[in-house]
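Residue numbers start at 1 and run along the sequence shown. What you see is a predicted model, and the numbers here were worked out from it, not measured in a lab.
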Amino acid sequence: MPLIELEQVTRLYRSGDTEFAALRAVDLAVEAGEFVAITGSSGSGKSTMMNILGCLDTPSSGHYRLDGRDVARLSRVELAAVRNRTIGFVFQSFNLLPRTSAAENVELPLIYARVPPAERRRRALDALERVGLAQRSSHQPSQLSGGQQQRVAIARALVTRPPLILADEPTGNLDSATSLDIMTLLAGLRASGITIVFVTHEPDIAAFAARRLTMRDGVIVDDRRQAAPPAAAATTHGASA
């Protein structure tokens, strides 16, 4: 059973008498452990696709099954629970609380999940160690570089141990060298069995994925397997970026 399965998913938006289809009868299956890039120009539907996949929006029609469950039919409360348990999010702008330590930022999803404080801290430190930032757990975002802030964001996505990570332009605010470092980190996480789906408009970043989807006018116009660059198979071990 695929981890992600879209069946004839359409998302319509209305403004007055005007109707616009951001997604048009999309079919998609993503198996557990895949590393998938979603590409396309502005207005292609890739952001709407990510919102649907992340249970931040619901289809106007069609079915979205996540780990076998038709989440398109769940209530807002049920969708929030699915997001907390099943999906880790990584954003272009990091979305870290500014006057809060790295460890406390990573703990946030566990607070919502009502994990006891001692267990929250242990898991947060474990997640920071996994991304190479254990020694900076007490640092606030202003004391970290852009690459380090994105590592904290990735640790926060990992801390609930989700089977799926969704990353929206994860290197959009980073320089080329740091982008390479972050993508190598994500590739290493995928090697541990986590399913990763990310949006990017940069061909060199999309090249890290084992599978690349190209969207245009709300449909997937190309779906291809590709060999990842050699750097994507390397193990990330630095935390200076």
Within 6.0 Å of CD in Q8, more than 12 heavy atoms from elsewhere: yes
Side chain to side chain, R85 and T160, heavy atoms closer than 4.5 Å: no
Minimum side-chain heavy-atom gap D181-R151 below 4.5 Å: yes
Working for side-chain contact (heavy atoms from CB on, under 4.5 Å), residues L166 and M50: CA-CA 8 Å; L166 299 178; M50 286 294 275; 3.8 Å; yes
Side-chain heavy atoms of Y13 within contact of S60, under 4.5 Å: no
Salt bridge (charged side-chain N to carboxylate O under 4.0 Å, His left out) partners of R73, counting only residues at least two apart: none
Close side-chain approach of L23 to T10, heavy-atom, < 4.5 Å: no
Pairs involving residues 91-118, ordered by first then second residue, that meet salt bridge (Lys or Arg N to Asp or Glu O under 4.0 Å) (sequence neighbours left out): E107-R120, E107-R121
Summary of salt bridge (Lys or Arg N to Asp or Glu O under 4.0 Å) pairs that have at least one residue in residues 15-27, sequence neighbours excluded: R14-E19
Partners meeting side chain to side chain donor-acceptor pair (under 3.5 Å) with E119 (sequence neighbours left out): R122
Under-4.0 Å salt bridge between D222 and R224: yes
Residues that R76 engages under salt bridge (charged side-chain N to carboxylate O under 4.0 Å, His left out), provided they are two or more places apart: none
Same cluster (ILVMFWY, side-chain, under 4.5 Å), I196 and I38: no
Y64 side chain reached by I52 side chain, heavy atoms, under 4.5 Å: yes
Option among V26, I220, L66 that satisfies the side chain to side chain contact (heavy atoms under 4.5 Å, CB included) test with L6: V26
All pairs passing salt bridge (Lys or Arg N to Asp or Glu O under 4.0 Å) where residues 40-61 contributes a residue, at least two apart: R11-D57
Any donor-acceptor N or O pair under 3.5 Å, side chains S138, S101: no
Any donor-acceptor pair under 3.5 Å from R212 side chain to A207 backbone: no
Under the salt bridge (charged side-chain N to carboxylate O under 4.0 Å, His left out) test, residues paired with D175 that sit two or more places apart: none
4.5 Å side-chain heavy-atom contact, T86 and P162: no
F35 ring center near F198 ring center (under 6.0 Å): yes
Pairwise side-chain contact, V131 with L158, heavy-atom cut-off 4.5 Å (strictly under): yes
Under the side chain to side chain donor-acceptor pair (under 3.5 Å) test, residues paired with E78 that sit two or more places apart: S75
Partners passing salt bridge (charged side-chain N to carboxylate O under 4.0 Å, His left out) against E202 (at least two apart in sequence or in another chain): none
Atom pair CD (E31) and CD1 (I4), whose distance is rounded to the nearest 0.5 Å: 10.0 Å
Residues clustering with L97 (ILVMFWY side chains joined when closer than 4.5 Å, directly or via others): L108, I111
Test side chain to side chain donor-acceptor pair (under 3.5 Å) applied to S192 - qualifying residues, sequence neighbours left out: R130
Flag side-chain contact, heavy atom, 4.5 Å: R65 against E7: yes
Check against side-chain contact (heavy atoms from CB on, under 4.5 Å), L180 and I205: CA-CA 8 Å; L180 174 65; I205 297 301; over 6 Å; no
Steps toward side-chain contact (heavy atoms from CB on, under 4.5 Å) verdict (C55, I87): CA-CA 9 Å; C55 299; I87 307 170; 4.2 Å; yes
Pairs touching residues 160-173 that satisfy salt bridge (Lys or Arg N to Asp or Glu O under 4.0 Å), sequence neighbours left out: none
Exercise: identify the closest heavy-atom pair between G147 and I182: O-CD1, 3.7 Å
Under 3.5 Å: donor-acceptor pair, side chain of S145, backbone of Q148: yes
